[in-house]
Amino acid sequence: MNIIIATTELVPYAKTGGLADITEFLPLEWQKFGQNPIIILPKYGFIDTDYWGFKPTNKILNIPISYWHEHPRLWQGFLPNSNVPVYLVEYDEYFNRPGIYGSPEEYPDNDRRFIFFCRAVMETAKVLNFHPDILHAHDFHAAFTLAFLKTHYKHDIQFARTAGVLTIHNLAYQGWFFPDRAMNLAGFSSKDFYPGCWFEQKGMLNAMKTGIMFADKITTVSQTYADEIRTPYYSEGLQESLNIRGGDLVGVLNGIDYTQWSPDKDEYLTHKYDIDSLDKKRNNKYALLEEFGISENDNRDIPLVGIVTRMTEQKGLDLVMDKIEPFIEHDQMKLIVLGSGDQKYVDYFNYLHSKYPKKCITYIGYNNNLAHKIYGSADFILIPSRFEPCGLTQMYALKYGTIPIVRQTGGLADTVSEYSSLSGFGNGFSFFNYNSDELAYAIRRGLDLYWSDIHWHLLQKNAMASDFSSGKTALEYLKVFKWALDKVRND
Ligand code: ADP
């Protein structure tokens with residue numbers, strides 16, 4: 001299959017969240033299965049093109065936008081250590097900025113930037129003479145490609161047998177645009193915008209809804225989230241569209257790349273270990289605590305709980321703020337927090353560190369190295385999300401024998417099951433209601449179990465044996481693609 005991946009994030013060039021990991025590993029896996037993927041990404045100013053081996057091509061695109069044309073240049077490179085082609089769309093006016101979506105506020109011209117990018121994806125296929133079987137669009141930023149596929153390019157022989165698939169990574173971000181302006185930029189008549197049309201949501205143009213309605217098939221990143229988003233609490237207002245398309249909506253659980261995330265190979269760890277040498281993990285904990293000035297006299301053997309996260313309301317940090325301090329104060333655990341985001345959470349974790357410098361480590365910022373070390377050192381990882389489409393953090397943690405304490409929602413519900421000391425099954429701790437008492441009780445259960453050697457080791461082994469390999473995920477997507485192709489070719 002010829003597959004186009006249209007995305008605004010891609011490891012290792014541009015990442016704010018899990019989306020970037022997925023768009024990297026899927027094509028790597030697909031290529032192993034004999035498929036032919038290409039990736040198209042904006043050329044952000046912060047991508048070090050020399051370092052990553054990108055070269056400008058002589059291909060200049062002709063992008064219709066409103067009543068004029070713009071002419072970005074295409075750059076080409078390959079995903080590191082592979083021959084998966086990556087094309088960057090160079091247009092400095094839109095993409096030579098410090099952020100992907102904003103810095104820190106959303107850029108006010110995101111409608112124009114992403115509509116332009118979507119059109120550029122279609123035109124890239126044209127100039128490369130690439131005949132896609134699948135156009136795989138990720139999140140709202142790439143969703144307009146699916147509208148273009150079924151409208152402006154509907155009669156284009158190059159796309160005649162192309163199926164469009166939308167993957168929703170996070171429904172909280174939808175792309176709300178002013179209709180007149182966005183319709184015009186995208187080359188549609190304002191007459192095509194009316195209440196109830198495929199573009200419209202609450203009187204605005206909604207890019208995510210547009211993608212949902214125009215896609216042949218829709219996936220999201222876990223089965224539980226696929227079910228949840230058809231209900232008002234989780235749908236962020238799109239439950240009607242998602243229910244209309246319910247028969248074409250499935251969940252495909254994300255996977256992770258165990259070549260990059262595995263404690264026996266992880267270069268960031270002071271002490272590598274595997275399922276049979278779990279006792280070495282403790283040495284990583286000592287090394288990490290030492291790095292932050294916590295020495296052997298500082299009660300280093302109590303459980304270390306980690307948080308690695310974007311600091312947004314989604315991640316359930318309000319529940320943490322409500323209940324975590326007494327656990328720290330009374331020396332039942334230490335906390336290490338890595339993240340950045342909303343000021344109130346930043347302030348809170350800085351406060352905790354200033355009050356308990358030997359008990360709470362706070363690192364504000366993005367630090368991949370430290371993320372690896374936390375997975376390789378902490379005893380628990382805390383993910384009490386209000387909603388979680390899939391979540392990669394718990395999957396990484398499990399592989400490192402770091403026990404997740406999670407809220408039972410979305411992908412967290414599909415990957416973490418409560419440990420039972422009766423049966424010996426289960427790989428973590430979870431709670432159902434978005435309620436800080438339930439969180440505190442789940443933490444309590446975890447901290448208690450930590451001191452029971454037999455159960456703790458069994459639990460850690462269960463965690464490390466959980467398998468969420470990216471190969472499985474990639475195969476599941478190929479099944480969805482076949483299903484999408486059957487639809488298009490039988491229509
Ligand atoms: P989301 O995509 O909603 O942010 P996921 O759990 O799917 O959540 O993915 C988060 C990814 O980002 C994980 O790979 C996690 O390790 C990483 N991450 C989050 N915050 C940071 C940070 N401050 N520094 C380094 N890595 C981070």
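We count residues from 1, following the sequence as given. Both ligands and their constituent atoms are indexed starting at 1 by order of listing.
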Q.
I want to know if ligand 1 touches Leu392 in the polar sense, i.e. an N/O pair below 3.5 angstrom.
A. yes

**Q.** Any Tyr363 heavy atom less than 4.0 Å to ligand 1
**A.** no

Q) Got a sec: does the NZ of Lys355 have more than 12 other heavy atoms crowding it under 6.0 Å? A) yes

Q) Regarding Arg300 and the six-membered ring of Tyr286, is the cationic atom NZ or CZ under 6.0 Å from the ring centre and inside 45° of its axis? A) yes

**Q.** Protein residue, atom and distance nearest to atom 27 (C) of ligand 1, heavy-atom basis
**A.** Tyr366 CE1, 3.4 Å

Q) Can you tell which part of Asn367 has a heavy atom less than 4.0 Å from ligand 1: side chain, backbone, both or neither? A) backbone

(Q) Are His372 and Trp261 packed together at the side-chain level, in the sense that at least one heavy-atom pair is separated by less than 4.5 angstrom? (A) yes

Q. Which protein heavy atom lies closest to atom 11 (C) of ligand 1, and at what distance to 0.1 Å?
A. Lys15 NZ, 4.1 Å

**Q.** Any Pro389 heavy atom less than 4.0 Å from ligand 1
**A.** no

Q: Could you tell me whether the side chain of Asp266 and the main chain of Tyr268 form a donor-acceptor pair under 3.5 Å?
A: yes

Q. Do the two ring centres, one from Phe54 and one from Trp75, sit under 6.0 Å apart?
A. no

**Q.** Side chain proximity check, Tyr400 to Ile381, heavy atoms < 4.5 angstrom
**A.** no

**Q.** Protein heavy-atom partner closest to atom 16 (O) of ligand 1 - residue, atom, separation in Å
**A.** Tyr375 OH, 2.8 Å

Q) Is ligand 1 under 4.0 Å from a heavy atom in the side chain of His169, in the backbone, in both, or in neither? A) neither

Q: Answer side chain, backbone, both or neither: which part of Lys315 comes under 4.0 Å from ligand 1, heavy atoms only.
A: side chain

Q | Under-4.0 Å heavy-atom contact with ligand 1, by part of Thr309 that carries it | A | backbone

Q) Picking from Phe116, Tyr107, Phe117, what satisfies ring-ring contact (aromatic ring centres under 6.0 Å, His included) with Tyr94? A) Phe116

Q | Protein contact to atom 4 (O) of ligand 1 [nearest heavy atom, distance to 0.1 Å] | A | Arg310 NE, 2.7 Å

Q | Top protein contact for atom 2 (O) of ligand 1, by heavy-atom distance | A | Gly18 N, 2.7 Å

Q) What is the closest protein heavy atom to atom 23 (N) of ligand 1, and at what distance does it sit? A) Gly365 O, 2.8 Å

Q) Going by distance only, is there an N or O of Leu19 that falls short of 3.5 Å from an N or O of ligand 1? A) no

Q.
Under a 4.0 angstrom heavy-atom cut-off, which atoms of ligand 1 come close to Gly339?
A. 23 (N)

Q: Compute the minimum heavy-atom distance from Cys390 to ligand 1 and say whether it is under 4.0 Å.
A: no

Q: Flag the pair Val337 / Ile361 as yes when at least one side-chain heavy-atom distance between them is below 4.5 Å, and no otherwise.
A: no

Q.
Can you check which of Asp21, Val11, Thr393 brings a heavy atom nearest to atom 6 (O) of ligand 1?
A. Thr393

Q: Would you confirm whether Asp342, through its side chain, and Tyr345, through its main-chain N or O, come within 3.5 Å as a donor-acceptor pair?
A: no

